[in-house]
Amino acid sequence: MHSHPRPIKSRKATRNLAILLAVIALAACSAQVGGGHESEDVPFDGSRAYRLAAEQLAMGPRHPGAEGHARVGAWIAEALRVQGWQTAFQEFSHEGLQLRNVIGRRGRDDGPDIILGAHYDTRPVADQDETARGDPVPGANDGASGVAVLLELARVLPEEANGCRVTLAFFDAEDSGGLPGWDWILGSTAYAGSLKDAPDAVVIVDMVGDKDLNLFLERNSDPALAETIWDTGAQLGYDAFIPQPKYAMIDDHTPFLQRGWAAVDIIDFDYPYWHTTRDSLDKIAPASLEAVGRTLQVWIEGLCN
């Protein structure tokens, strides 16, 4: 799903981003002084998210060209529609295959513009596997976990997004990089390139279901934006958010960073089952999905209320 670590050039924070982060910090401080944030809305449910991950794996391999790939894209779109999100496909092609990003939106056009993203495709070959290198990757953590978090957020985020415009972006063709004719992050690259206006914040969730969840700061991510999210996780008591840098990744946040936009990658890359046939449902946990999803729910509520 990711190529080898590579640095991204540093970016100057815009005035709008500075204002946005100040608002988030103020909301976080208010939650801390009040003894913690108590949401008035339905809280994120890690067990529901886990079941959403299980539904994806039941569709079989989800790499471009596979039957499960078409099914999961349509399933995501229908799940968004059921929750009242404005839903659209962004279609593109590569190597003779039809690909599509699935986009859900809700909220106000005049508020902060937040994009939450995850990739839904899986890798067609388990090339890190010792014994089954030609088999497809099940993608419980690498694919299904991020999608599950976003779909559960689709259920719990307020209908009017409390003053923000929130986009849930499910990216295609992230995970075939390094294979003949393919590169990484094709879907997010297509989507970022289609945007005319700069979002205020982009948050990618990828490989966030590991039972032993350790979320170090990704080195290419916008530091100030990352700090607000990690602080929220800490205030909620989730010790998985470790405020120390570790890996530098090429992931779905990269195309946004390359346009000079604030973006963060929430990822646990210390996962021994990456790109193997052992990336199965038993390797992820509801508690890990809930730690990430609940943190993002509270972060968004603090920003948008």
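- Checked by atom type, the side-chain pair D142/Y273 shows no donor-acceptor distance below 3.5 Å.
- The shortest side-chain heavy-atom distance between V102 and F171 does not fall under the 4.5 Å cut-off.
- S188 is listed as a side-chain neighbour of P255, based on a closest heavy-atom distance under 4.5 Å.
- At least one donor-acceptor pair closer than 3.5 Å links the side chain of D210 to the backbone N or O of D212.
- Within a 6.0 Å radius of CD in Q86, no more than 12 heavy atoms belonging to other residues, nucleotides or ligands are found.
- Taking CG of D239 as the reference point, atom CG of L236 lies at 12.0 Å (rounded to 0.5 Å).
- Taking the side chain as every heavy atom from C-beta outward, I76 and Y120 approach each other to under 4.5 Å.
- Taking OG of S176 as the start and CG of D121 as the end, the distance is 6.0 Å to the nearest 0.5 Å.
- Between D110 and R165 there is no salt bridge, since none of the side-chain N atoms of the basic residue sits less than 4.0 Å from a carboxylate O of the acidic one.
- Contact detail for W182 and L97: the closest heavy-atom pair is CZ2-CD1, 3.9 Å.
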Item checked: Candidate pair D251 and H119, rule side-chain hydrogen bond (donor to acceptor under 3.5 Å, both in side chains), full reasoning -> CA-CA 10 Å; D251 205 350; H119 75 92; 5.7 Å; no

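- Taking CG of N220 as the reference point, atom CD1 of I250 lies at 8.0 Å (rounded to 0.5 Å).
- Between F269 and Y247, the distance from one ring center to the other falls under 6.0 angstrom.
- The pair D127-R133 does not meet the salt-bridge criterion, since no charged nitrogen lies less than 4.0 angstrom from a carboxylate oxygen.
- Rounding to the nearest 0.5 Å places NE2 of H69 at 10.5 Å from CD of Q98.
- Crowding of E95 atom CD: a count of heavy atoms from other residues, nucleotides or ligands under 6.0 Å exceeding 12.
- Considering CD1 of I114 and OG1 of T167, their distance stands at 9.0 Å, rounded to 0.5 Å.
- Within the 4.5 Å cutoff, the side chain of V166 has heavy atoms near those of the W85 side chain.
- By the 30° and 60° cut-offs, the orientation of the rings of W230 relative to F241 is perpendicular.
- In this structure, D129 CG and R123 CZ are separated by 12.5 Å, a value rounded to the nearest 0.5 Å.
- Cation-pi check for R100 over F89 is met; the charged atom lies under 6.0 angstrom from the ring centroid and within 45 degrees of its normal.
- Shown here is Y238, whose OH atom has more than 12 heavy atoms of other residues, nucleotides or ligands within 6.0 Å.
- When the options D206, T122, L186 are evaluated for a side-chain contact (heavy atoms from CB on, under 4.5 Å) with E174, the one that passes is D206.
- For T232 and Q235, the side-chain atoms include no donor-acceptor pair closer than 3.5 Å.
- Looking at P43 and V156, their side chains never come closer than 4.5 Å, going by heavy atoms from C-beta outward.
- Side-chain contact between I204 and V264 is absent, with no heavy atoms from C-beta onward closer than 4.5 Å.
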